[in-house]
Each structure stands twice: as C-alpha cells, then as structure tokens.
Amino acid sequence: MQNQNYDPQAIEEKWQSHWEVSNKFLPKESEKKFSIVIPPPNVTGSLHMGHALEHSMIDVITRMKRLQGYETLWLPGTDHAGIITQLLVEKELEENGISKHDLGRENFLSKVWEWKEKSGDNITNQMKSLGMSCDWSRERFTMDEGLSEAVREIFISLYEQDYIYKGTRMVNWDTQLKSAVSDLEVSSSAENGKLWSIKYKTELDDYIVIATTRPETLLGDTAVAVNPDDKRYSHLIGKKVEVPIVNRMVEVIADDYVDPEFGSGCVKITPAHDFNDYEIGLRHDLDFVRCIDFEGNIESKDFIPTNLHGLNRFKARKEIINQLDNENLIHSIDDHEIQIPRGDRSKTILEPMVSEQWFVKTKDLAKKAIDVVENDEIKYIPKAWEKTYFEWMYNIQDWCISRQQWWGHRIPAWYDSEGNHYVGRDELEVRSKNNLSEKMELTQDEDVLDTWFSSALWPFSTLGWPNDNEDLQKYYPTSLLVTGFDIIFFWVARMIMMGIFTMNEIPFKDILIHGLVRDSQGRKMSKSLGNTLDPLELSKKHGADALRFSLIEKANPGQDVPFDEEWTVAAKKFGNKVWNAAKFVHMYTDELDSYELTEIKCSENHWIINRFNQTLEEFNSLMVTYKISDAYKTLYNYLWADLFDWYFEFAKTLMSNDSSKEETQKIIRHIFLKSLTMLNPAMPHLTEEIWSSFNKENLIDSSWPELINTNHDDDNFVENLKEIISSIRNFRLTYSIKNSTTISLFSVKIQEDWFTTQLSSLVNAHIEDINGLNNEESTTIFQSGKFKFEVVASEYFDKEKEVNRLENKINQLQKSLDVSKSRLENENFMKNAKQELIDLEKNNLDSSLDEISNLEIALNSLKR
RNA sequence: GGGCGCUUAGCUCAGUCCGGCAGAGCGCUUCCCUUACAAGGAAGAAGUCACAGGUUCAAAUCCUGUAGCGCCCACCA
C-alpha cells in the first residue's frame, strides 16, 4: 500500500539506486535494437536547463523503447572540452599566482586531470538524480584510452588517404589563447568603428586615398588595389605608391574584388592579416609581410619604427593615427559600422594570421554526407534543418584541426631536425615505417586536436572501435541522435562525415533537433540577464518527475521551450493527482483475487476502453514522429479528464451495484495500470512507486500497452450522457440549486437503465415517467442525441431567466443549422463535396431540427 | 547581401503537408471542503486565425504580395 501523500523526495532516490543496482538500464537481449549516444556534456560542467530538456527527451524515448521490447542502450559520457577546460584550470592556477608555463606541460596536464577527476562525476551524478536511464557501465570520456586510440587511428588513416594535410594558411588566430580556431568558433558582431581615409604618396608625386578600418595593418601592406574598370585610377595601375610610416614602395594592382563605389575605390592590401587580402596576395603573388605577432603585438622588425615595437595592436593603431596626422596624411575620418570577429571562447578580437596548421580536406567527405541526407538514409526532424545543413555542407571549407593548446589529443606527428613530419601511432612506429635511424632526433608535434575531432567519432568510438566487438556490431549505426541546432555544423555534420569514412555506414538514422530553453518571456537564459534556472534546484523543490514532465510537455521537435517554474508546479500537481487516483483504485479494487478480464457488458466500460485505445493509438503515432509534447499532452488530457474525472465517477456508480461491480473493478485496475505505463517514461519514479504497490515486478521490466479488445463499437451514448450531466450541472449553478437537493427529471420513456442510473447518481436526480407529469406544468428540457429529460419549472427556477437560456441554446443550434442548410442547398457543394461530408451535414440538419423543436416546445410551455 | 522560420484566446502552443462550422493546457470568472485528491471538483467567459489580394461551392490551411518578429550564413576595405 502506498503512502498517504505524494512526496517525490521520498521515492525518487530510492528508485534511482534500485534501478542502477539491479542493472535495469543495461540492454536486454532482443531482436529489435535501439541505441543512442548522449551528446557528451563538458566533463567539468554542470547540468543546465538545456541538458535537462535534451536528457528528458532522450530518456522518454529510451524508456519507451525499453518497454516496447527493444534491446535498448543509452550510452553516456563526457567530453574533455579542450579549450574551455584548459581555460578553467589556467584561471584557477592564476588565482594562486601560477601560470601554466611555470608548471610546464606535463605538470599542467596532471593538474587538469586532477580537476577532471574531481568534477568529472558531477554531471553524471546530476543526471542520475533526474532519473536518466543511461547504461553507466558503458560510460566513456573523450580522453580515455580507448577513445584516444580511436582518435590516433583515424588521424593516421585520414592522413594516409590524403584527407589530412599540413599547410600554411590564413587562419583565425586567438591572441589570448595563442591558438588557431576554426571558422565556426568565430562570431562576428556589428560594432561602431571608424573608417580612416589615408593618403598614400604615388610615384607621380601625387597621392591617392585609401580607406581602412584597421590602419595598424598598413605596416604589412604589400600592394594597393583598384578595380580594373575604374577610370579614375587606370593610369596608376602598375605604378608604385609609398606606404606611410614604413615607407615601403608597393605596386598598384587591379583586382575585381575592389568595389569602386566604396570609400575612395582604393584598397590597401595586407596579405598577412586579412582574409580577402590573403586571397588577393595569392592571386597577384604578393609578399606576405607579417607585422603583428601571435600575441597581438606589433613585430619588432627592422622596417617598423622602434616606437611601435611590441606595442599592442590597438595601442599601435592610435600611435599610427597620431603619426599619420602629424605628417598630414589623414584625409578624413568617418564613423563606420564594422564586423568584429571574436573568439567564441575567449571573446577577444581575433587576428587573421598566416600560420602552419593541420587541416582536414572536407570536400569529398562532405559529398557523401550530403548524399545520405538527400536520399533520406538520415532524416532531420524537423526537416527544415536539412536546408541549413545542405547550405553549409555545399560551401564547406577545409577544417583546421590543430590547436596550440596542451589539453587534448596530441597530434600523432613527429618532426626531424629539418622539420619534415612523420605521422604514426608512436615514435617507434614512425622510425620503423620511415627507416629513420635511432640517432635521428624526433620531436612530437606540440599541438593538440580540435575537441570536435574526437567528438566526431563519438557514435563508434564509444562502442569500442577500433576493436571489432559485439557492441559495435549490435549498436552501430545508432538509432537516433537528439541534439540542438547550434551544433549541427560543429558536431552532427562531422559525425556523419567521420562515420561514413570510418565505418562506411551512417552513424544514426534520425536526428531530432530540439529547441532552446528560454525564460517565460521568451528570452534566452543567460547569466548576464540573471534569468537562468537551475534544474537541480527545481528538481529538489518539485521533484525530478515534475521537472521532467514540465519539459517533456513542451518538447516538440525544433520548438523552443519558454520555461516557467509554474509549469513544474503544475506538473507536480498532476503527479499528485495520479497518486491519489492510485489510492482510489486500491481502495475499490484490492479485494479481488483475480483481475483477469472477462466479458465486458457495461457501456461505460466500453467507453473508457475505447478512450484508452484512441489515446494509445494517437500517442504511439505522435511518438513515431517524435512529437513528444503532443503525445504527453494527449495522455495528460485523457488521464485527467476522461479517466479520473469522468470514468472514476461512473465507476463509483458501477461498483456500488453488484451486477456491474466485479467487471468494473477489473477494468478500472487494468486501464489505470496500462495508462500508468504510458506515463512511465516521462515520470519514471512516481509511476514505478505506484506500480510497486500493485505488482511484485518492476514497471521498468514491464511492457508497453497494446490495444484492448472490445467487441463494442463506440456509440455516442456516453458522450450524450456527459452532455446531459453537464447541462444539468450548469442548470443547478444557474439557479443555485444545492447539490443536496434531488431534482426530478421526467423522461418521455424510461431510458436505458445504465444511463438513468448514472444520470441520477451523478447529478442527484430522481427519474420519473413523463406520464406522472401534469400537462399544465411549464417545463424545460435537456437533450442530447436520443436522450431527453424534462424538468418542472415552478419547482426550481425563474421562468424568464430560463426562457433566455433556452433562446440562447436555440440560437446556437440555429447557426449550425443554417450552415448545414445553406450547404445542402448549394448545388456546387452537392456536386463537389464528398458524400461523407454531405451525410454529415444531413445528420446535423436532422438532429438540430429535432433539438430545436423540442426546445421550442419547452419554451412555449414556459411562456404560457 | 543571401537563406530559413514564425505571427491562431490574456499566456504557451496544436491545427497548415492532405481546404469542410476555430482546439488544448495554463490563467481568468462563479459556485462547491461531496469519504481518491482543495496540490481538488463543477460550470463558464474568452479568437477579424498579422494584413491585402487571388483560387475554390468552401480558406487559419493553397497561391501572390505586404508588414512585424526571430535565427543562421556572408570578405565590402
């Protein structure tokens, strides 16, 4: 027997440890497989609302599949999150006055590992406390031995098949991290800046004006470009101009890139510090003169005035402007909105920098990854995201995978003293493969790989690749990926490419894209706005089940979730309702020895079975398209309105009668427990606890409901009954007739027994034959379908008010009647509409006419 | 500059693919402590389906355009 009150805290931890200890989350052998890998959270992070949403969605699907008899694996794990984690540890060290260079690489890394060990369990424990049904025995970490081996193997085979190359390229350089970052890790924002127009002397003893937003880069100018069709400057093409301050003579070149309409139509070209200029530099074979170093300071080179040496690039800008001004070389200064590229992690302004990096050639890999989505082997849900995916994939750039960091997978490449590189599993292998003498000194590449490189391997590396094992056979490709749209490029696209490259098979079939959790006003949750909510706190306050349900109830594909704590409060009330419903079922049914269903006779029981079946069917079909929110809203409405509000009341009547008692006891118990099973994936603790008060085995080991056989068509009689009950209750309210007052209802003929029994018991009425009614009495009428009841006016109500009520009712019916009438009289409608629809209108016409005429009779009797 | 999405009740959203009398939850109003549940029950009120045209017997739904909001991508110095 269950406790008196619903207390989530009292039951949730108990079941979490029970499930885990008794290995309930391990896959159970079955023909049908369902596997999913978690989008690995950062190992040092803690759970936020986005995680809670994502994990709740995954867990609902996972638990449903488990109940449906699939061999179900949800594989958890965490990501080493290279840059963020390193920054975090560096920051902590700095607070103690230690820099990572003081420690050196080895010592620093052991500090990071310490940190990882310390906080690594944090997020998994938080997941456990929300009841996530991951197979924790298979938990992985992107830097553990197996996954590191996978990274090495794939780096090597990509390299050997020419998909990885090392090259000197223009990259986005983060001067704080002192590392290259990929194009994707750059966010541009429009900011107010200046456009400086600067005079460059020409060899014709004249000057031209060039416009720039970054005057400090003129130190590295190696050309000035104009549009080839620009008549104003055609005489200068091929001539020299002098770059101020460094007094370098550079050529005026013609390039289509230059827009003659913008600024003066002349552009300074700095091939070493601008992406466009870099391209132009390549096209025109210009010199690449670096004038800013990797820390963002001006280089101390001979051609640069010494007062600028080592100066930070922004200070240098001021200094250069001053100097130009002194030399009278500033033509004008205008306000100008500029796009400032910042690093996602450090938030500092990035510097385009030419440097030597490792790249993945993506064109061919992307081609295959596009094909599998185009031919529907992989489906995005919602489908609209496929367009975004295609757009990026068609224009994909080579992927810069090296990072000048310490925390991460070190690049498996070694250099000899001449700078030649050799790729291999380790130094020994490199030597033997390349016939290098043992005397030759080799040093390993200092850099590590982009974190997303190891994440891209996640769907198979976590299953044990490169070892060909049972898990890989069974669970690859995985069934589903649930993730946010913000990492489609970072992660999803790359997993598809790497999955196909490595396994020759797609990594997952469906990609379910969820939305963002926002605050109740629809704003993004952010620390700076102070509108973040802590899922753990919410769970503590209202229960994990309530938190899960409040998220699930809003979680349709692609849909943002505007979250309000009220939703969680409401979900807890729902849990309480279910709890009390369970008590009710116990109270009325525990006395039976067997709950085996037998023949079903009662209309109300047929009705609830039909409602259950409809709900189950709708739920199942919504879940096929991952409309989790709609599925659970459907279940919620059915449970609360149909089962608890209506059916439980009907059942009380049925169970007070010996002839229908046992049948109803069986049905109510059966339906309740089946419905509870459907709720289980969303509210696992509550349902498991309730289940345990009815059954010996666990709900998690039970199975998903099937449709219940009923030989009875769904007639409308119970709906008629509900309608009449509602209108009589309305009638009571209108005339303040106390519930304790028994109303006398007169029926034309004594209606079916079950109907009148329910009616009289639910609205406290006494039902009599119409013959007992004095013809002179004014009456009012309640009708639905074939069921009709009259009530004597003088006993209960005010005639005038009732005339009003009836007239309103007639008006309503009349409107509907008019619609049907006009349609049926419309030749074109009769010609074109489906027969079904015509029949529907005819039926409506008939029933409306009938009801109206009955209401009019009552109306007349009142007006007498 | 390109691309995508959204606009339906006070709030959050279904419904739009495939046209057939506008739906749900929350909130709101009134009544009710009736032995599962007041964390509850009952009954209500509430919408020019953003706007303007068009197609159709029939449009929230299809077509064209407009406006507002949001997001993504992009090198105009």
Side-chain angles (χ1 to χ4, degrees), chain A residues 4-6 188 195-197 210-214 217 225 257-259 261-270 274-280 336 338-339 341 352 382-385 387-388 391-392 395 485-486 488-489 516 520-522 553-554 556 558-564 566-567 569-570 572-588 627 629-630 633-634 636-637 640-641 644-645 648-649 652 725-734 736 738-740 763-764 815-820 822-823 826-834 836-838 840-841 844:
Chain A
Q4 206 48 33
N5 296 310
Y6 172 46
S188 289
L195 187 65
W196 285 274
S197 296
I210 59 97
T212 181
T213 55
R214 299 198 56 203
T217 61
Y257 157 75
V258 180
D259 175 3
E261 304 293 316
F262 188 88
S264 61
C266 295
V267 187
K268 64 192 267 314
I269 302 299
T270 321
D274 183 282
F275 279 90
N276 294 310
D277 294 5
Y278 177 78
E279 294 299 321
I280 293 175
H336 185 66
I338 39 175
Q339 294 291 323
K383 208 173 172 59
W385 288 107
K387 286 183 189 165
T388 309
E391 192 190 310
W392 188 70
N395 300 305
F485 57 80
D486 50 330
I488 289 179
F489 307 146
L516 244 45
S520 55
Q521 294 160 52
E553 213 192 352
K554 306 264 177 281
N556 265 350
Q559 200 91 58
D560 282 352
V561 176
F563 192 86
D564 196 300
E566 283 303 308
W567 306 139
V569 173
K572 188 184 178 187
K573 289 183 186 174
F574 174 57
N576 184 58
K577 183 76 181 176
V578 175
W579 185 268
N580 284 303
K583 282 200 297 189
F584 175 85
V585 175
H586 273 300
M587 190 175 293
Y588 280 87
K627 293 199 166 186
S629 160
D630 293 345
K633 275 187 207 159
T634 302
Y636 175 97
N637 290 341
W640 206 315
F644 301 154
D645 284 344
F648 275 23
E649 293 309 315
K652 283 178 192 169
I725 290 172
S726 290
S727 44
I728 294 176
R729 284 169 173 168
N730 182 357
F731 174 82
R732 271 187 186 278
L733 254 178
T734 308
S736 306
K738 286 200 174 130
N739 288 339
S740 51
V763 300
N764 186 18
K815 262 187 214 158
S816 169
L817 181 82
D818 290 345
V819 171
S820 295
S822 74
R823 283 187 181 173
N826 182 332
E827 267 178 56
N828 284 316
F829 176 80
M830 297 301 285
K831 211 163 58 194
N832 295 318
K834 277 176 282 186
E836 243 174 40
L837 194 65
I838 295 175
L840 208 75
E841 297 297 350
N844 184 54

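Computed from a predicted structure; not experimentally measured.
Between Lys834(A) atom NZ and rC57(B) atom P there is a gap of 16 Å when expressed in whole angstrom units. Remark: C1' of rA42(B) and CZ of Phe731(A) are 16 Å apart, rounded to the nearest angstrom. What separates CZ of Arg732(A) from P of rA43(B) is a distance of 13 Å, to the nearest Å. Atom P of nucleotide rC32(B) and atom CZ of Arg729(A) are separated by 16 Å, given to the nearest angstrom. The distance between atom NZ of Lys633(A) and atom P of rG25(B), rounded to the nearest whole Å, is 11 Å. Distance Lys627(A) NZ to rA14(B) P: 8 Å, rounded to the nearest Å. Between the C1' atom of rC21(B) and the CG atom of Asp818(A) lies a distance of 11 Å, rounded to the nearest Å. Atom pair Phe584(A):CZ and rG40(B):P shows a separation of 17 Å (rounding to whole Å applied).
Between rC57(B) and rU66(B), the distance separating the two P atoms is 28 Å to the nearest Å. Taking the C1' atoms as reference points, rG23(B) lies 29 Å from rU64(B), given to the whole Å. Rounded to a whole angstrom, the distance from the C1' atom of rC13(B) to that of rC18(B) is 22 Å. For the C1' atoms, the distance linking rA60(B) with rC49(B) amounts to 4 Å, nearest Å. Rounded to the nearest Å, the gap between the P atom of rA14(B) and that of rU56(B) is 32 Å. Distance check on atom C1': rG65(B) versus rU55(B) gives 15 Å, rounded to whole Å. Between the C1' atoms of rA22(B) and rG47(B), the separation comes to 8 Å (whole Å). The C1' atoms of rA43(B) and rU34(B) are separated by 16 Å, rounded to the nearest whole Å.
For Lys573(A), no side-chain nitrogen or oxygen approaches OP1 or OP2 of rC37(B) to under 4.0 Å. OP1 or OP2 of rG5(B) has not a single side-chain nitrogen or oxygen of Trp385(A) nearer than 4.0 Å. Here His336(A) reaches the OP1 or OP2 of rA77(B): one of its side-chain N or O atoms lies under 4.0 Å away. For Ser726(A), a side-chain nitrogen or oxygen approaches OP1 or OP2 of rA43(B) to under 4.0 Å. For rC26(B), the OP1/OP2 oxygens have a side-chain nitrogen or oxygen of Tyr636(A) closer than 4.0 Å.
Summary of the strand contacts: Arg823(A) and Asn826(A) both lie near RNA chain B, and taking for each the nucleotide with the nearest heavy atom, the more 5' one is attributed to Arg823(A). The nearest heavy atom of RNA chain B to Thr734(A) and to Asn556(A) marks one nucleotide each, and the one closer to the 5' end goes with Asn556(A).
Here Phe275(A) lies out of heavy-atom contact (under 4.0 Å) with every strand. Here Asp259(A) lies in heavy-atom contact (under 4.0 Å) with a base. Residue contacts shown for Asn832(A) include a base, since a base heavy atom lies under 4.0 Å away. Val258(A) comes within 4.0 angstrom of a base, heavy atoms only. Within 4.0 Å (heavy atoms only), Trp640(A) reaches sugar-phosphate atoms of the nucleic acid but no base atom. As judged by a 4.0 angstrom heavy-atom cut-off over every strand, Lys815(A) is placed among residues making no nucleic acid contact. Heavy atoms of Asp645(A) sit under 4.0 angstrom from primed sugar atoms or phosphate atoms, though from no base atom. Within 4.0 Å (heavy atoms only), Phe574(A) reaches no atom of the nucleic acid at all. Among the protein residues, Phe644(A) comes within range of the nucleic acid bases, having at least one heavy atom under 4.0 Å from a base atom. Contact annotation for Ala833(A): base contact, defined as any heavy-atom pair under 4.0 Å involving a base atom. Nucleic acid contact class of Thr212(A) (heavy atoms, under 4.0 Å, all strands): sugar-phosphate only.
Looking only at atom types and distance, the side chain of Gln339(A) has no donor-acceptor partner in the side chain of Ser188(A) under 3.5 Å away. Side-chain N/O atoms of Asn730(A) and Thr734(A) include a donor and acceptor closer than 3.5 Å. Checking Lys583(A) against Asn580(A) by side-chain atom types alone, a donor-acceptor pair falls below 3.5 Å. Side-chain atoms of Asn739(A) and Asn764(A) include no donor-acceptor pair closer than 3.5 Å.
For the pair Lys554(A)/Trp567(A), a side-chain contact is recorded, criterion being any heavy-atom separation below 4.5 Å from C-beta on.
Judged by Watson-Crick or G-U wobble contacts below 3.5 Å, the nucleotide rC33(B) has no partner. rA14(B) makes up no base pair with any nucleotide shown, lacking Watson-Crick or G-U wobble contacts both under 3.5 Å. rA45(B) is unpaired under the Watson-Crick or G-U wobble criterion, no partner having all donor-acceptor distances under 3.5 Å. Remark: rU66(B) base-pairs with rA50(B). Criterion, Watson-Crick or G-U wobble with two distances under 3.5 Å. If you check rG20(B) for Watson-Crick or wobble pairing at under 3.5 angstrom, you find it paired to rC57(B).
In this structure, the nucleotide among rA74(B), rC4(B), rC32(B) sitting nearest to the side chain of Lys387(A) is rC4(B). The side chain of Glu841(A) lies closest to rC21(B) when the candidates are rC73(B), rA74(B), rC21(B). Of the candidate nucleotides rA24(B), rC73(B), rA36(B), rC73(B) has the atom lying nearest to any side-chain atom of Glu391(A). Listed candidates were rA39(B), rC13(B), rG15(B). Nearest to the side chain of Pro562(A) is rC13(B). Checking rA36(B), rC57(B), rC21(B) against the side-chain heavy atoms of Asn828(A) singles out rC57(B) as nearest. Here rA36(B) is the nucleotide among rG40(B), rA36(B), rC75(B) with the atom lying nearest to any side-chain atom of Tyr588(A). Here rC13(B) is the nucleotide among rG41(B), rC13(B), rC76(B) with the atom lying nearest to any side-chain atom of Gln559(A). Checking rA77(B), rC72(B), rC26(B) against the side-chain heavy atoms of Ile338(A) singles out rA77(B) as nearest. Set against rA39(B), rC4(B), rA74(B), the side chain of Asn576(A) has rA39(B) as its closest nucleotide. Comparing atom distances between the Lys572(A) side chain and each of rA39(B), rU30(B), rG44(B) picks out rA39(B) as nearest.
By the 30° and 60° cut-offs, the orientation of the rings of Phe574(A) relative to Tyr636(A) is tilted.
Using a distance-only test at 3.5 Å, with no hydrogens or angles considered, a donor-acceptor pair links the side chain of Asp274(A) to the main chain of Asp277(A). Listed for the Arg732(A) side chain is a donor-acceptor partner under 3.5 Å among the backbone atoms of Lys738(A).
To the nearest 0.5 Å, the span separating CG on Asp560(A) from CG on Leu516(A) amounts to 5.5 Å.
Not a single donor-acceptor contact under 3.5 angstrom links the side-chain atoms of Thr388(A) to the base of rC72(B).
Shortest non-hydrogen contact noted between Glu553(A) and Ser629(A) is O-OG, 2.8 Å.
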